[in-house]
Amino acid sequence: MPHFFGRTMLKRSILLALATVVFTFQMLVGSAFAVELDKDTRTVKKNEAGDTMVLSIKQVQQGKRLFVNTCSQCHPGGITKTDPNVGLEPEALAGATPPRDNVEALVDYLKDPTSYDGEVSIAEFHPSLKSADIFTEMRNLSEDDLAAIAGYILIQPKVQGIKWGGGKIYF
């Protein structure tokens, strides 16, 4: 009987050690992600006039964390679960009215979202600062937080390529 329990303990110890190595590797790779992004990758369109800005590593990390915690439930991989025809890829963002393909426009959208044609407020359906009483995850987001989320959205096509917003094709 002791022989059986000895093997079981050995197997469990090996599995625990293996799991620890795998999780440690994932943490190191995940934290290295933002450090590996060069200046060109972190450069995004700031406004409709075409000015650009370079996101800091801290902004990218913050944007990723906030996007994952606040937005990814409905927008995993840049798709839009509620409307698969409109994702967060550059073409879709540029085609909106007004265009949402820059940090300032996305921040404005996150404050008070409108339909894709810009005609109707959708604040009661989409998380925003305007609807923070309904969407509590928006209550504590600052202007800097919104800009970090917007920047993260805008660099993803450079990081993930056509998979970002690719919808059913990839997910």
Side-chain angles (χ1 to χ4, degrees), residues 25-123 125-131 135 137-138 141-171:
F25 177 76
Q26 288 178 338
M27 286 176 41
L28 291 173
V29 169
S31 63
F33 165 75
V35 176
E36 295 174 8
L37 298 178
D38 62 18
K39 184 178 176 181
D40 288 339
T41 303
R42 292 182 286 117
T43 301
V44 295
K45 193 171 161 186
K46 180 180 180 181
N47 53 36
E48 200 169 336
D51 298 327
T52 60
M53 63 184 279
V54 179
L55 300 168
S56 69
I57 298 298
K58 183 179 177 185
Q59 285 173 307
V60 173
Q61 291 171 332
Q62 177 185 13
K64 178 180 181 179
R65 180 182 53 80
L66 291 169
F67 182 87
V68 168
N69 292 334
T70 308
C71 311
S72 67
Q73 182 177 353
C74 294
H75 295 287
I79 66 165
T80 301
K81 284 184 177 180
T82 57
D83 186 355
N85 296 315
V86 181
L88 300 179
E89 68 273 10
E91 300 80 15
L93 294 173
T97 303
R100 298 176 184 142
D101 60 347
N102 63 76
V103 171
E104 289 178 5
L106 282 172
V107 168
D108 182 61
Y109 180 84
L110 292 170
K111 290 179 179 178
D112 186 10
T114 58
S115 57
Y116 194 71
D117 62 7
E119 297 289 322
V120 179
S121 173
I122 59 169
F125 306 111
H126 191 283
S128 65
L129 293 186
K130 184 175 182 178
S131 60
F135 299 101
E137 66 271 16
M138 299 299 289
L141 296 181
S142 67
E143 185 92 11
D144 289 341
D145 293 335
L146 298 179
I149 292 169
Y152 176 77
I153 290 168
L154 294 172
I155 68 166
Q156 287 312 294
K158 297 177 188 179
V159 174
Q160 294 187 25
I162 61 171
K163 285 186 176 184
W164 179 254
K168 295 183 239 178
I169 297 170
Y170 300 104
F171 298 101

Engineer: Report the C-alpha distance between T114 and E119 in whole Å, list the side-chain angles of each, state the deciding distance to 0.1 Å, and finish with yes or no for side chain to side chain contact (heavy atoms under 4.5 Å, CB included).
Structural biologist: CA-CA 7 Å; T114 58; E119 297 289 322; over 6 Å; no
Engineer: Atom OG1 in T41, atom CD in Q156: separation rounded to 0.5 Å?
Structural biologist: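 With rounding to 0.5 Å, OG1 (T41) is 10.5 Å from CD (Q156).
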Engineer: Does D108 use its side chain to pair, donor to acceptor, with the backbone of A105 at less than 3.5 Å?
Structural biologist: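 No.
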Engineer: Please name the pair of heavy atoms, one in F67 and one in H75, separated by the smallest distance, quoted to 0.1 Å.
Structural biologist: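 So the minimum-distance heavy-atom pair works out to CZ-O, 3.4 Å.
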Engineer: Of all heavy-atom pairs between P84 and T82, which one has the smallest distance, and what is that distance?
Structural biologist: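 Closest pair (atom of P84, atom of T82, distance): CD-C, 4.0 Å.
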Engineer: Distance check, rounded to the nearest 0.5 Å: L66 atom CG versus E137 atom CD?
Structural biologist: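 Nearest 0.5 Å value for the CG-CD distance: 11.5 Å.
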Engineer: Nearest 0.5 Å please: distance from the CG atom of N47 over to the OG1 atom of T52.
Structural biologist: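 Here the interatomic distance stands at 9.0 Å.
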Engineer: If you look at every heavy atom in H126 and S131, which pair is closest and at what distance?
Structural biologist: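 Closest approach of H126 to S131, heavy atoms only: O-OG, 3.3 Å.
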Engineer: Among residues at least two apart in sequence or on other chains, which ones pass salt bridge (Lys or Arg N to Asp or Glu O under 4.0 Å) with D101?
Structural biologist: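 Partners of D101 under the salt bridge (Lys or Arg N to Asp or Glu O under 4.0 Å) test: K45.
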Engineer: Do L129 and L146 come close enough that some side-chain heavy atom pair is under 4.5 Å?
Structural biologist: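 Touching, per the 4.5 Å side-chain cut-off.
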Engineer: What's the spacing between I122 CD1 and D112 CG if we round to 0.5 Å?
Structural biologist: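 That separation rounds to 9.5 Å.
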Engineer: Does CD belonging to Q73 count more than 12 external heavy atoms closer than 6.0 Å?
Structural biologist: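 For Q73, atom CD is not crowded (no more than 12 foreign heavy atoms under 6.0 Å).
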Engineer: Could you verify whether a donor N or O on one side chain and an acceptor N or O on the other, from D40 and T43, lie under 3.5 Å apart?
Structural biologist: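 There is no such pair (donor and acceptor under 3.5 Å, judged by atom type) between the side chains of D40 and T43.
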Engineer: Is there a donor-acceptor pair closer than 3.5 Å between any side-chain N or O of Y152 and the backbone N or O of V68?
Structural biologist: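 No; judged by distance alone, with no hydrogens or angles, the pair does not exist.
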Engineer: Quick one: pull up NZ in K64 and CD1 in I149 and give me the separation to the nearest 0.5 Å.
Structural biologist: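 If we round to the nearest 0.5 Å, K64:NZ and I149:CD1 are 14.5 Å apart.
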Engineer: When you check the side-chain N and O atoms of N102 and E48, is any donor under 3.5 Å from an acceptor?
Structural biologist: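 Short answer, no.
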Engineer: Any chance NZ of K130 has more than 12 other-residue heavy atoms, nucleotides or ligands included, within less than 6.0 Å?
Structural biologist: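 Check fails, neighbour count at 12 or below.
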Engineer: Give me the atom names and distance for the closest heavy-atom approach of E89 to W164.
Structural biologist: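 Nearest heavy atoms, E89 then W164: CB-O, 3.5 Å.
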Engineer: For S56 and R42, which heavy atoms make the closest approach, and how far apart are they?
Structural biologist: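 That would be CA-NH1, 3.9 Å.
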Engineer: Compute whether any side-chain donor of one residue and acceptor of the other, for D117 and S115, lie under 3.5 angstrom apart.
Structural biologist: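 The answer is yes; a qualifying pair exists.
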Engineer: Return the CG to CG distance between L154 and L55, rounded to the nearest 0.5 Å.
Structural biologist: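 It is 8.0 Å, given to the nearest 0.5 Å.
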Engineer: Looking at M138 and L110, what are the two nearest heavy atoms and their distance?
Structural biologist: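 Closest heavy-atom pair between M138 and L110: CE-O, 3.9 Å.
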Engineer: Does any part of the side chain of L93, heavy atoms only, come nearer than 4.5 Å to the side chain of P90, both counted from C-beta?
Structural biologist: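 Not in contact.
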Engineer: So, T80 side chain and V86 main chain: donor-acceptor pair closer than 3.5 Å or not?
Structural biologist: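 Yes, because the side chain of T80 sits within donor-acceptor range (under 3.5 Å) of the backbone of V86.
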